Visitor: 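If you scroll down you'll find the structure; I have some questions about it.
Computed from a predicted model, the values in this text were never measured in an experiment.
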Amino acid sequence: AVRGAIDAGEAPELWPAGPGELGRFQLGPGLVMLLGGAPGSGKTAFAVQATVDILRTQTAERALVANVEMSAEALLERQLARLSGVAYDRIRRRALDPGDEEGYARAVAALEGLGDRLGFMEGPYTVPRLAEAADALGARLLVVDYVQRFRASDRARGPSENVAEGMGDLRTLAKRG
């Protein structure tokens with residue numbers, strides 16, 4: 001199948017994770033990207049930033065974010081700060097300066113432009129529920145943050161077995177496109 005696709009010039013569908021150097025990271029249907037790093041190193045910020053940037057350029061795509069630790073509101077506040085250039089603390093405290101208005105309006109318009117193409121899953125966090133929520137939204141881009149806290153199934157198991165089974169289930173889900 002791969003050789004046939006190469007010979008026919010059928011490139012896989014790939015989306016750059018952002019502008020500039022971030023474009024070197026490409027995501028797309030059927031792919032699983034696992035981000036690792038120390039707590040507070042920016043994994044969630046990068047994943048949601050890449051998701052928003054992909055949706056801004058791929059206007060037919062939909063994405064589902066399943067974050068076990070942060071609310072949709074907090075994740076969107078971060079994106080408002082990033083896209084507006086307004087300090088996150090001012091966004092969070094709802095204390096904009098008069099000079100923030102133009103950038104803030106531009107960021108709000110950008111996020112509102114995503115419409116219903118960006119969804120957020122709430123718990124319980126299991127891979128079967130993720131699949132159901134993704135199907136309901138029509139999402140082909142899924143953010144699972146973080147995999148260690150997702151339950152692969154309803155059976156009780158140790159952390160290592162749960163992560164191994166969960167990653168296997170996520171790979172199967174990714175292959176569906």
Side-chain angles (χ1 to χ4, degrees), residues 1-2 5 10-19 22-80 82-83 110-155 157 159-177:
V2 173
E10 297 171 1
E13 190 172 0
L14 296 172
W15 313 309
L22 288 179
R24 292 179 29 206
F25 296 100
Q26 297 182 332
L27 305 170
L31 299 177
V32 175
M33 176 185 279
L34 183 64
L35 300 176
S41 63
K43 299 175 297 294
T44 297
F46 172 71
V48 177
Q49 174 180 330
T51 300
V52 166
D53 287 350
I54 287 168
L55 292 179
R56 291 176 69 200
T57 61
Q58 307 298 317
T59 58
E61 293 303 328
R62 294 172 171 270
L64 178 65
V65 176
N67 185 299
V68 301
E69 292 188 326
M70 294 183 71
S71 68
E73 181 178 301
L75 295 169
L76 289 171
E77 287 173 346
R78 285 181 167 192
Q79 292 308 302
L80 280 172
R82 177 181 74 92
L83 295 169
L111 291 176
E112 286 179 346
L114 302 180
D116 63 352
R117 297 183 305 116
L118 176 61
F120 295 88
M121 179 181 154
E122 294 183 8
Y125 295 99
T126 66
V127 176
R129 282 205 66 245
L130 176 71
E132 290 171 11
D135 288 345
L137 182 63
R140 297 194 310 157
L141 175 59
L142 308 178
V143 175
V144 177
D145 189 8
Y146 57 99
V147 72
Q148 297 94 323
R149 299 268 307 271
F150 258 71
R151 293 189 49 185
S153 64
D154 291 328
R155 295 187 316 243
R157 67 188 77 248
S160 296
E161 294 85 7
N162 187 65
V163 170
E165 183 177 331
M167 285 303 299
D169 290 348
L170 291 172
R171 284 187 205 95
T172 300
L173 186 58
K175 287 179 185 177
R176 291 184 3 195

Visitor: Suppose we screen for salt bridge (Lys or Arg N to Asp or Glu O under 4.0 Å). Which residues come up paired with Glu13, at least two apart in sequence or across chains?
Guide: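 Per chain and number, Glu13 pairs via salt bridge (Lys or Arg N to Asp or Glu O under 4.0 Å) with Arg140.
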Visitor: For Glu112, which residues count as a side-chain contact (heavy atoms from CB on, under 4.5 Å) partner, sequence neighbours excluded?
Guide: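 Applying side-chain contact (heavy atoms from CB on, under 4.5 Å) to Glu112 gives Val108.
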Visitor: Could you work out, with side-chain hydrogen bond (donor to acceptor under 3.5 Å, both in side chains) as the rule, every residue matching Arg82, not counting sequence neighbours?
Guide: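 Expected list: Asp53, Gln79.
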Visitor: What side-chain donor-acceptor pairs closer than 3.5 Å can you find for residues 22-42, not counting sequence neighbours?
Guide:
| from | atom 1 | to | atom 2 | distance (Å) |
| --- | --- | --- | --- | --- |
| Arg24 | NH1 | Glu21 | OE1 | 2.9 |
| Ser41 | OG | Ala38 | O | 2.7 |

Visitor: If you take all heavy atoms of Leu75 and Met70, which pair is closest and at what distance?
Guide: CD2-SD, 3.8 Å
Visitor: Can you give me the closest heavy-atom contact between Ala63 and Leu55, atom names plus distance?
Guide: CB-CD1, 3.8 Å
Visitor: Which residues pass the salt bridge (Lys or Arg N to Asp or Glu O under 4.0 Å) test with Arg149, not counting sequence neighbours?
Guide: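 Once residues adjacent in sequence are excluded, the partners of Arg149 under the salt bridge (Lys or Arg N to Asp or Glu O under 4.0 Å) criterion are Glu69.
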Visitor: Which heavy atom of Ala131 sits nearest to which heavy atom of Leu173, and what is that distance?
Guide: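 Scanning both residues, the minimum pair turns out to be CB-CD1, 3.8 Å.
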Visitor: Hey, could you give me each pair passing ring pair (Phe, Tyr, Trp, His ring centres under 6.0 Å) that has a residue in residues 117-140? Not counting sequence neighbours.
Guide: Tyr125-Phe150
Visitor: State, to 0.1 Å, how close Ala60 and Arg117 come at their nearest heavy-atom pair, and which atoms those are.
Guide: N-NH1, 4.2 Å
Visitor: To check you understand the geometry: which heavy-atom pair defines the closest contact between Ile54 and Pro16, and what is its length?
Guide: CG1-O, 3.3 Å
Visitor: Could you go step by step and tell me if Asn67 and Val48 meet the side-chain contact (heavy atoms from CB on, under 4.5 Å) rule?
Guide: CA-CA 10 Å; Asn67 185 299; Val48 177; 5.7 Å; no
Visitor: The criterion is salt bridge (Lys or Arg N to Asp or Glu O under 4.0 Å); which residues satisfy it with Arg176, sequence neighbours excluded?
Guide: Asp135
Visitor: Examine distances only and state if a side-chain atom of Arg62 and a backbone atom of Asp116 form a donor-acceptor pair shorter than 3.5 Å.
Guide: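 Judged by distance alone, yes, a pair lies under 3.5 Å.
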Visitor: Report the residues that fulfil side-chain contact (heavy atoms from CB on, under 4.5 Å) with Ser71, sequence neighbours left out, ordered by chain and then residue number.
Guide: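 Partners of Ser71 by the side-chain contact (heavy atoms from CB on, under 4.5 Å) criterion, ordered by chain and then number, come out as Glu73, Ala74.
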Visitor: Could you grab the distance from atom CG of Leu130 to atom CG of Leu170, nearest 0.5 Å is fine?
Guide: 6.5 Å
Visitor: About how many Å separate CG of Leu80 and CZ of Arg78, when rounded to the nearest 0.5 Å?
Guide: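 Result: 13.0 Å between the selected atoms.
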Visitor: Who passes salt bridge (Lys or Arg N to Asp or Glu O under 4.0 Å) against Glu122, sequence neighbours left out?
Guide: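 With neighbours one apart ignored, the set is empty.
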Visitor: Strictly by side-chain hydrogen bond (donor to acceptor under 3.5 Å, both in side chains), give each pair with a member in residues 43-52 just once, sequence neighbours left out.
Guide: Thr44-Asp145
